[in-house]
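Report on the structure given below.
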Number of protein chains: 2
Amino acid sequence: MKPWPHFQFALALATTIMSSAVYAGDKDAVEYRQHIMNTLNEQSAALGQILSGAISNYNATAHLNAIALTASTALKAFEPKVPGGEAKPDVWAKWDDFSRRMTEFAQKSSQAAKIAKEKGQDEALANILDVLTCKSCHDVYRDEKKH
Amino acid sequence: MKPWPHFQFALALATTIMSSAVYAGDKDAVEYRQHIMNTLNEQSAALGQILSGAISNYNATAHLNAIALTASTALKAFEPKVPGGEAKPDVWAKWDDFSRRMTEFAQKSSQAAKIAKEKGQDEALANILDVLTCKSCHDVYRDEKKH
């Protein structure tokens with residue numbers, strides 16, 4: 001009885017199990033960051049409705065806080081070097097730039113939330129377009145899928 | 001010259017303008033509450049990934065805070081009595097029950113966020129399924145569209 005085929009089979013099995021494990025982790029990592037970015041998208045859209053006057057009697061401060069909180073978790077969600085979803089490979093190829101911008105976004109949104117708390121939401125919303133500069137990064141790092 | 005046709009035209013025009021205005025406002029109200037509920041959905045899903053162990057090295061406290069913040073804005077988003085989206089008419093027909101449950105959800109999630117801050121996230125996550133009882137309300141008040 002030759003041991004070789006069994007070894008090959010065991011190796012193939014082990015490889016399959018390992019790939020599956022890696023694949024499952026990758027899928028989770030992609031999904032997790034999508035939950036974060038979708039949250040930012042939903043909260044920015046709600047804030048956008050307030051800014052445009054479509055929704056009145058509003059609570060912009062809560063939205064600003066939710067954005068600041070979520071932004072603070074965003075960079076970590078991209079740390080696993082797992083292409084997929086709408087993230088372009090440049091996220092990891094140009095990590096220094098990506099992480100600098102994401103950190104800046106987290107800082108700016110945190111600052112806006114602080115201004116809202118201390119000076120009121122109108123003050124915070126006055127320069128909000130300097131905070132929510134989503135497009136400038138998305139143009140470089142996001143490959144928006146057509147749904 | 002008969003004034004009647006002009007009056008009819010003016011009336012029709014006024015009605016059209018008013019309906020459009022109401023319609024635009026209704027659409028905005030539906031969209032706004034969808035942004036809120038989608039945020040809760042995304043943040044709960046992120047938390048679910050952490051609870052299941054799919055995502056480690058996590059920041060559950062930030063998610064709990066984001067959920068608590070968003071929950072605190074949710075009831076107001078349903079105040080405009082505008083059916084549409086996935087909200088069943090019972091939201092408004094049974095407003096007392098709906099608002100009681102939504103308020104309870106906001107309180108419970110705020111409490112969980114507080115526990116996370118004071119006693120750590122493990123403590124907060126221990127009873128998290130008593131907080132995120134999304135399904136019990138969705139079964140009654142949400143008509144989930146198949147996407």
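Sequence lines set the chain letters: A, B, ... in the order given, protein chains first and strands last, and positions in each chain run from 1.
- A:Thr39 touches chain B through backbone and side chain together, each having a heavy atom under 4.5 Å away.
- Annotation: the span from B:Glu42 atom CD to A:Gln34 atom CD amounts to 8.5 Å, rounded to 0.5 Å.
- Taken together through direct or relayed side-chain contacts under 4.5 Å among Ile, Leu, Val, Met, Phe, Trp and Tyr, B:Val30 and B:Trp92 form parts of separate hydrophobic clusters.
- Side-chain atoms of B:Glu31 and A:Ile55, non-hydrogen and from C-beta on, never get closer than 4.5 Å to each other.
- Counting only heavy atoms from C-beta outward, the side chains of A:Leu69 and B:Leu69 approach each other to under 4.5 Å.
- Proximity to chain A (any heavy atom under 4.5 Å) is shown, for B:Leu40, by neither the backbone nor the side chain.
- Heavy-atom pairs under 4.5 Å with chain B were tallied for A:Thr61, A:Asn65, A:Thr70; the largest tally goes to A:Asn65.
- Contacts of A:Ile50 with chain B are made by side-chain atoms alone, with heavy-atom separations under 4.5 Å and no backbone atom involved.
- With chain B as partner, the option from A:Ala77, A:Ser72, A:Ala62, A:Ala68 having the largest number of non-hydrogen pairs under 4.5 angstrom is A:Ala62.
- The closest side-chain heavy-atom distance from A:Gln43 to B:His35 is not below 4.5 Å.
- Contacts of residues 108-116 of chain A with chain B at a heavy-atom distance below 4.5 Å are absent; not one residue qualifies.
- Enclosure of atom NZ in A:Lys88 by more than 12 non-hydrogen atoms of other residues, nucleotides or ligands within 6.0 angstrom is indicated.
- Rounded to the nearest 0.5 angstrom, A:Asn59 CG and B:Lys76 NZ are separated by 8.5 Å.
- Under a hydrophobic clustering in which Ile, Leu, Val, Met, Phe, Trp and Tyr are joined whenever their side-chain heavy atoms come within less than 4.5 Å, directly or via other members, A:Val82 and A:Trp95 fall into different clusters.
- Within the 4.5 Å cutoff, side-chain heavy atoms of B:Ile36 are placed close to those of A:His63.
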